[in-house]
*Asks:* 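Below are the structure tokens for one structure; questions will follow.
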Amino acid sequence: MRVLVISDIHANLAAFEAVLEDAKGEWDVIWFLGDLVGYGPDPNECVEVLRSLDHFSLSGNHDWAYLGRLDLATFNEDARRAIGWTQEVITEDNREYIDSLESLDEVAGFTLAHASPRHPVWEYILEVSTAAANFEYFEGQVCLVGHTHVPIIYSQESEEVSAYTPTYDLVLDLRNSHRMIINPGSVGQPRDSDPRASYALLDLDKMEWQHCRVPYPIAETQARMRKHRLPKRLIIRLDYGW
Ligand code: ZN
């Protein structure tokens, strides 16, 4: 079985469609690590496209905020405005779908968490020390996380944890390798100074992992964000990937 591993679509349909097109024929099932909505202009469309495909899905902190499970005061003003707009436009059926999702689970021996296995909704694994602490909170070989919007591999070798920035043409052999926490990056709002949509392919039979990037029509997403009067800063950042 081959898996398309994606995270943080954030209601960016053009980016989501570009990933699906780029990965066409390379996967049998999607594992989505959460944050379907928030920031972007196409929440209903993204939920509906995901639901139409064979998939497993988690919910993220923006999904929780949209559902009213988190205090919006903990979000910055731009994120808050985008969540408020999302609450106005999303259909009841799509709301129920998002409400049904968990933020941490295990699939085919992999631990999947939106943010981290220790704090599945909130914690940002941006430092080696945070990653090191999180290796105590899952039992298998590999944990997949999203949330930071930055593709990265943390590898635990004996007691040492190291961070690696992914190389895109490299196929990683997960067999007999170290324990890892891997982030596939964000589909809809990358933050590693590369504006292209980020995703990964996982072959469960060969146990091979590959990070991938694909450009998408950013201007299309930005035009819809302007039409819905979403915050300017959220529109501009898509050009730069921050
Ligand atoms: Zn996110």
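Just so it is clear, the model here is predicted, and its values are computed rather than measured. Along the sequence shown, the residues carry numbers beginning at 1. When a ligand or atom number is given, it counts from 1 through the structure's own listing order.
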*Asks:* Taking only Lys NZ, Arg NE, NH1 and NH2, and the carboxylate oxygens of Asp or Glu, determine whether Arg191 and Asp8 approach each other closer than 4.0 Å.
*Replies:*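 The answer is no: the pair does not qualify as a salt bridge.
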*Asks:* Salt bridge check, Asp192 against Arg213: does any charged N sit closer than 4.0 Å to a carboxylate O?
*Replies:*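 Salt bridge between Arg213 and Asp192, a charged N being under 4.0 Å from a carboxylate O: yes.
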*Asks:* Aromatic contact between Phe75 and His62, with the criterion being ring centroids under 6.0 Å apart: yes or no?
*Replies:*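 Yes: the rings meet the under 6.0 Å criterion.
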*Asks:* Taking atom types as modelled, is there a side-chain donor on Asn61 or His114 under 3.5 Å from an acceptor on the other?
*Replies:*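 Distance-only check passes for Asn61 and His114.
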*Asks:* Quick one: do Leu4 and Leu50 end up in the same hydrophobic cluster if we chain Ile, Leu, Val, Met, Phe, Trp and Tyr together by side-chain heavy atoms under 4.5 Å apart?
*Replies:* yes
*Asks:* Thinking salt bridges, do Glu77 and Arg80 make one under a 4.0 Å N-O criterion?
*Replies:*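 Between Arg80 and Glu77 there is no salt bridge, as every charged N stays at least 4.0 Å from the carboxylate O atoms.
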*Asks:* With a cut-off of 2.8 Å, which protein N/O/S atoms are close to the Zn ion (ligand 1), if we only count those under it?
*Replies:* Asp8 OD1, His10 NE2, Asp35 OD2, His149 NE2
